[in-house]
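In what follows, a structure is listed as structure tokens, so that the remarks can point back to it.
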Amino acid sequence: LDLNLVPIIEDNDEFGGVLLVLQDVTAIRRLERMRSEFVANVSHELKTPITAVKGFAETLLGGAVDDPETARSFLQIIYDESDRLNRLIGDILELSKIESRRVPLQFSPIELSSFVGKTLELMSAEAVRKQIRISAKVEPGLYVEADEDRLRQIIMNLLGNGIAYTSEGGSVSIAVEPVHEPNAVLDEDGLENYEHIRIYISDTGMGIPKKDLPRIFERFYRVDKARSRSSGGTGLGLSIVKHLVELHKGTITVESKLGVGSTFMIELPVLQ
Ligand code: ADP
């Protein structure tokens, strides 16, 4: 509570008493605290790659540049760290745009089997590189009203995580299912009358410890910092995904078993 005392002066300039103003500032304070925590996190995250870039550039300038092999490996590090900075800044800007609702969504009907097929194709190079099988199970004729680019961003992010946190030889899969209301009247193929759809993205990867599950959608939260870094993660992906799902009036949940794998489930209303 914020407490303010305001003296009351009457028309004839006499002291008329004191007005006590109590204001509940819990919400404001909480927002302020969250904002300054975010700024601290961002600064810390930016500092790590910048320190590396600066350090390796200094070493090169100090003479390492004369040894071609060392020079090449240091330049590669500088390149990779700049790339990382770029991704980080891109994600921070994206998140801030989404959070301040400066992303106008353009909804259109999307046929999910062809949409999922195309999205999977975009991820195939990465999957092949890591020797991970990716597959989809979507019956044709299922529709959802969504912003196509944003929906692709959501799916690619989750598939990308699936690939990143699964070791060679594992698999990542995506499935879409209509959710029928309890007393819906189904037509022959059972496709009509679904008001929600569920998208499941599963992997046979490392899984997420139970204690971390409630926190993985938080900004910059990672179970294993080193692992996230080496896979090129910024720690903002799931936070962006969650916001985008919510902009579609949907929900996202996760189930995971350590050493067995994870499944992310998105539920979206069919009509916006
Ligand atoms: P990052 O850029 O680190 O991947 P995300 O926001 O996408 O950030 O994910 C947050 C953290 O959640 C990751 O660092 C990782 O620890 C964990 N995580 C996300 N997806 C998976 C997955 N499919 N399997 C295991 N852990 C995951």
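When a ligand or atom number is given, it counts from 1 through the structure's own listing order. Computed from a predicted structure; not experimentally measured.
Under 3.5 Å, the side chains of Asp80 and Gln76 contain a donor-acceptor pair of N or O atoms. For the residue pair Ser228/Arg222, the side-chain donor-acceptor check at 3.5 Å is satisfied. Looking at His243 and Glu99, their side chains do bring a donor and an acceptor atom within 3.5 Å of each other.
In terms of protein heavy-atom proximity, atom 14 (O) of ligand 1 is closest to Arg222 CG, 3.1 Å. Considering only non-hydrogen protein atoms, atom 17 (C) of ligand 1 sits nearest to Val223 CG2, 4.2 Å. Protein heavy atom at the shortest distance from atom 23 (N) of ligand 1 is Asp203 OD2, 2.8 Å. Shortest contact from atom 3 (O) of ligand 1 to any protein heavy atom: Ser228 OG, 2.6 Å. Of all protein heavy atoms, the one lying nearest to atom 26 (N) of ligand 1 is Ile208 CG1, 3.3 Å.
The salt bridge (charged side-chain N to carboxylate O under 4.0 Å, His left out) test applied to Glu255 returns no partner, not counting sequence neighbours.
At least one N or O atom of Tyr165, backbone or side chain, sits closer than 3.5 Å to an N or O atom of ligand 1. Some N or O of Gly235 is nearer than 3.5 Å to an N or O of ligand 1, by distance alone. Considering backbone and side-chain N/O atoms, Asn161 comes within less than 3.5 Å of an N/O atom of ligand 1. In terms of N/O distances under 3.5 Å, ligand 1 is not approached by Gly233. At least one N or O atom of Leu238 sits closer than 3.5 Å to an N or O atom of ligand 1. Polar contact with ligand 1: absent for Tyr221 (N/O pair, distance under 3.5 Å).
Taking a cut-off of under 4.0 Å to the non-hydrogen atoms of Gly207, the atoms of ligand 1 that pass are 25 (C). Heavy-atom proximity to Thr234, at under 4.0 Å, picks out these atoms of ligand 1: 2 (O). Heavy-atom contacts of Ile216 reach the following atoms of ligand 1: 10 (C), 12 (O) (cutoff under 4.0 Å).
Across every non-hydrogen atom of Val245 and Thr251, the tightest pair is CG1-N, 3.5 Å. Residues Ser239 and Arg219 share a closest heavy-atom pair of OG-CG, 3.3 Å.
Around CD of Gln106, the count of heavy atoms belonging to other residues, nucleotides or ligands within 6.0 Å does not exceed 12.
Remark: Asp147 CG to Leu247 CG distance equals 9.5 Å, nearest 0.5 Å.
Outside the 6.0 Å centre-distance limit, the rings of Phe220 and His44 are not counted as a close aromatic pair.
For the ligand labelled ligand 1, residue Phe217 lies outside the 4.0 Å heavy-atom shell.
Counting only residues at least two apart or in different chains, salt bridge (Lys or Arg N to Asp or Glu O under 4.0 Å) contacts with residues 102-116 are absent.
Under 4.0 Å from ligand 1, not a single heavy atom of Val241 appears.
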